[in-house]
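Reading through the structure tokens given below for one structure.
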Amino acid sequence: MERLDKRLVGTGNWSRKEAKDLAKSGRVTVNGQTVRQSDVKVEKTDLIAVDGNPIEAAGPVYLMLHKPAGLVSATEDAREKTVLSLLPERYQKLGLFPAGRLDKDTEGLLLMTNDGALAHRLLAPKSHVDKVYYVEVDGVLNQEDCAAVESGMTLEDGYTCLPGHLEVQGNGHSGYITLHEGKYHQIKRMMAARGKPVVYLKRLKFGPLELDTQLGKGGWRALTEEEISALFRQ
Ligand code: URA
């Protein structure tokens, strides 16, 4: 069973608000009966029609987004601009959401999808999906920092991270970090625990997905068939 408005929104033709108004105005039928409440539950097998025309569900959508700094990883927010606002309206109506969060000031790869089952699986702690970040710090990263990340650091709240990997770049002000989990502000808290606060953070990889270098900040594209298959094999 799922809500009538969800079925209507899932076609990609209407927003949730529009779906509600459609029903209210008596244009929606379920198995031939007019239904004015958009929050009623319907069965998968129920025949939904708008103005007498049966609706068809749009398939699941998988997009890669290059998140710029300054936007929140959410679908709606009372004060802040969200990553969803970067997508054209036809996608906004498909119920897309970011699979995972990047902080407001973090840039980089975000998977946007309306496939709740896949997102749930990828984000489950036991999935251990690898994430690779480029990080710049105030300080100089050294071999002790690498060893600390490799051994599983304990953060200020007592949480012990899974062992990760840090590869220091050039003069030590930057590096690449690989994590197999995704705790709140994890890299910032790890670097803070090393006394080297993060000044810039960008996600380059999420599981099998790599940020497309052709995508400028705020750019997006549909995933290829191969990328989608790789996500399902994850
Ligand atoms: N770690 C952080 O601290 N922030 C992010 O956005 C992602 C990982």
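In each ligand, atom 1 is the first atom listed, and ligand 1 is the first ligand listed.
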Worksheet item: With a 4.0 Å cut-off, would you call Asp138 and Lys196 a salt bridge?
Response: no
Worksheet item: Are any of the side-chain nitrogens in Asp21 or Arg27 under 4.0 Å away from the carboxylate oxygens of its partner?
Response: no
Response to the item:
Per side chain to side chain contact (heavy atoms under 4.5 Å, CB included), Leu71 is matched among Thr82, Leu86, Leu110, Leu84 by Leu86
Discussion item. Tell me every residue that passes side chain to side chain donor-acceptor pair (under 3.5 Å) with Lys81, counting only those two or more places apart in sequence or in another chain.
Written reply: none
Worksheet entry | Side-chain H-bond candidate by donor/acceptor type, Glu107 with Tyr200, under 3.5 Å | yes
Worksheet item: Near ligand 1, which residues have a heavy atom under 4.0 Å away from one of its atoms?
Response: Leu102, Asp103, Thr106, Tyr133, His185, Gln186, Ile187, Lys188, Leu201
Discussion item. Between Thr154 (side chain only) and Tyr159 (backbone N and O only), is there a donor and an acceptor less than 3.5 Å apart?
Written reply: no
